[in-house]
Amino acid sequence: MRNTVDILGVKVDKVTFAQALDIAEGFVRTDGVSTIFTPNSEIVMCAREDAEMMEVLNNADLCTADGIGIVYGSRILKDAVPERVAGFDLTCALLERLSKTGDGIFLFGAKPGVADTAKANLEKKYPGINIVGTRNGYFKPEDEPEIIDEINNSGAKLLLVCLGAPKQEKWITAHKPELSTNLCMGVGGTLDVLAGVAKRAPKWIIRLNLEWAYRILKNPSRFGRFMALPRFVVEIFKAKKG
Ligand code: UDP
């Protein structure tokens, strides 16, 4: 039975990082396709304007609070999630666990070459990891049957989909019936970071809950997207009153 908080219409699981990791590993070991998404305030605001995205998120098997906005939002609503569970951190911890068991992993998304570099870096970092396939995230709709065959034929149990939100969540949900992986995770820029193409904020900035500010400074073109944050805060206070 899931224990969730309603964040402006999106069900977010009240799980600690350790619980989310155990659930994710459990999904990898269970037949049938499970899905994990990691919404932040920007994704919640996107879902409020996109009914399909709202449904997609609410049909996931686990939605973790990736973003301090969701954590504070849940506190303001007096139904707090225990902590932030960032998609990148959850992915790395899961990859480390799977490196011990040898379960197959498929990396899908990012620009050509990025998933291959991420694979090489992961193989150095986690000896024993079994990455059974990679594929870049730039494709035409007519390429999709071939991509799905490639994923299924690889025998992967975990599929990481890094196409950015809301594309990755919608892609996973649309193709779930055709996929034979046990767990699909939509984890945005994770492959870019694993490949060294993008950098995560330094740990002390993350600890100060300022990763969002670091990302704006490093990539000012994201500023428009981050304007979702003040709108999110306003909506949270309205929901609290209502
Ligand atoms: N991307 C992709 N196909 C697309 C659009 C984007 O593979 O059609 C990739 C892009 O190269 C990047 C990732 O999706 O690696 C999105 O990263 P971003 O940091 O924007 O993720 P988000 O902030 O949405 O989690």
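Atoms considered below: every heavy atom in the structure, side chains included; atoms not considered: hydrogens, waters and symmetry mates. Predicted model, so just to flag it, every value in this text is computed and none were measured. Order of listing sets the numbers, starting from 1, for every ligand and every atom in it.
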Problem set entry | Asp149 CG to Glu178 CD distance, which is reported to the nearest 0.5 Å | 9.5 Å
Exercise. Could you state the interatomic distance from CD (Glu235) to CZ (Arg48), rounded to the nearest 0.5 Å?
Worked result: 4.5 Å
Exercise. For Ser180 and Asn152, does a side-chain donor sit closer than 3.5 Å to a side-chain acceptor?
Worked result: yes
Suppose we measure from [atom] to each protein heavy atom; which comes out shortest, and what is that distance?
atom                    : result
atom 25 (O) of ligand 1 : Gly188 CA, 3.2 Å
atom 9 (C) of ligand 1  : Cys162 O, 3.5 Å
atom 7 (O) of ligand 1  : Ala110 N, 2.9 Å
atom 18 (P) of ligand 1 : Gly189 N, 4.0 Å
atom 15 (O) of ligand 1 : Asp192 OD2, 2.6 Å
atom 19 (O) of ligand 1 : Arg222 NH1, 3.5 Å
atom 1 (N) of ligand 1  : Tyr138 OH, 3.2 Å
atom 20 (O) of ligand 1 : Arg225 NH1, 3.5 Å

Heavy-atom side-chain proximity of [X] to [Y] below 4.5 angstrom:
X      : Y      : result
Leu95  : Ile129 : yes
Met227 : Pro230 : yes
Phe37  : Thr173 : yes

Exercise. Do side-chain atoms of Asn182 reach the backbone of Val28 as a donor and acceptor pair under 3.5 angstrom?
Worked result: yes
For this session: Consider every N or O of Gln168 and every N or O of ligand 1, then say whether any pair is closer than 3.5 Å.
Result: no
Exercise. Do any nitrogen or oxygen atoms of Ala165 lie less than 3.5 angstrom from nitrogen or oxygen atoms of ligand 1?
Worked result: yes
Could you list the donor-acceptor pairs under 3.5 angstrom formed by side chains in residues 206-214, with sequence neighbours left out?
unit_1 : atom_1 : unit_2 : atom_2 : d
Asn209 : ND2    : Tyr72  : OH     : 3.1
Glu211 : OE1    : Arg84  : NH1    : 2.9
Glu211 : OE1    : Arg84  : NH2    : 2.9
Glu211 : OE1    : Arg200 : NH2    : 3.0
Glu211 : OE2    : Arg200 : NE     : 2.6
Trp212 : NE1    : Asn209 : O      : 3.1

For this session: Check ligand 1 against Lys111 and write out every atom of the ligand that is under 4.0 Å from a heavy-atom position of the residue.
Result: 11 (O)
Problem set entry | Ligand-side contact atoms (ligand 1) for residue partner Lys167, heavy atom cut-off under 4.0 Å | 4 (C), 8 (O)
Problem set entry | ligand 1 contact on Glu42 by region, counting heavy-atom pairs under 4.0 Å | neither
Exercise. Is Glu169 near ligand 1, meaning one of its heavy atoms is under 4.0 Å from it?
Worked result: no
Problem set entry | Test item, Leu163 contacting ligand 1 (heavy atom, 4.0 angstrom) | yes
Exercise. Side chain to side chain contact (heavy atoms under 4.5 Å, CB included) with Thr134: which of Leu107, Leu160, Val114?
Worked result: Leu107
Exercise. Aromatic rings Phe139 and Trp171: how do their planes relate, parallel, tilted or perpendicular, breaks at 30° and 60°?
Worked result: perpendicular
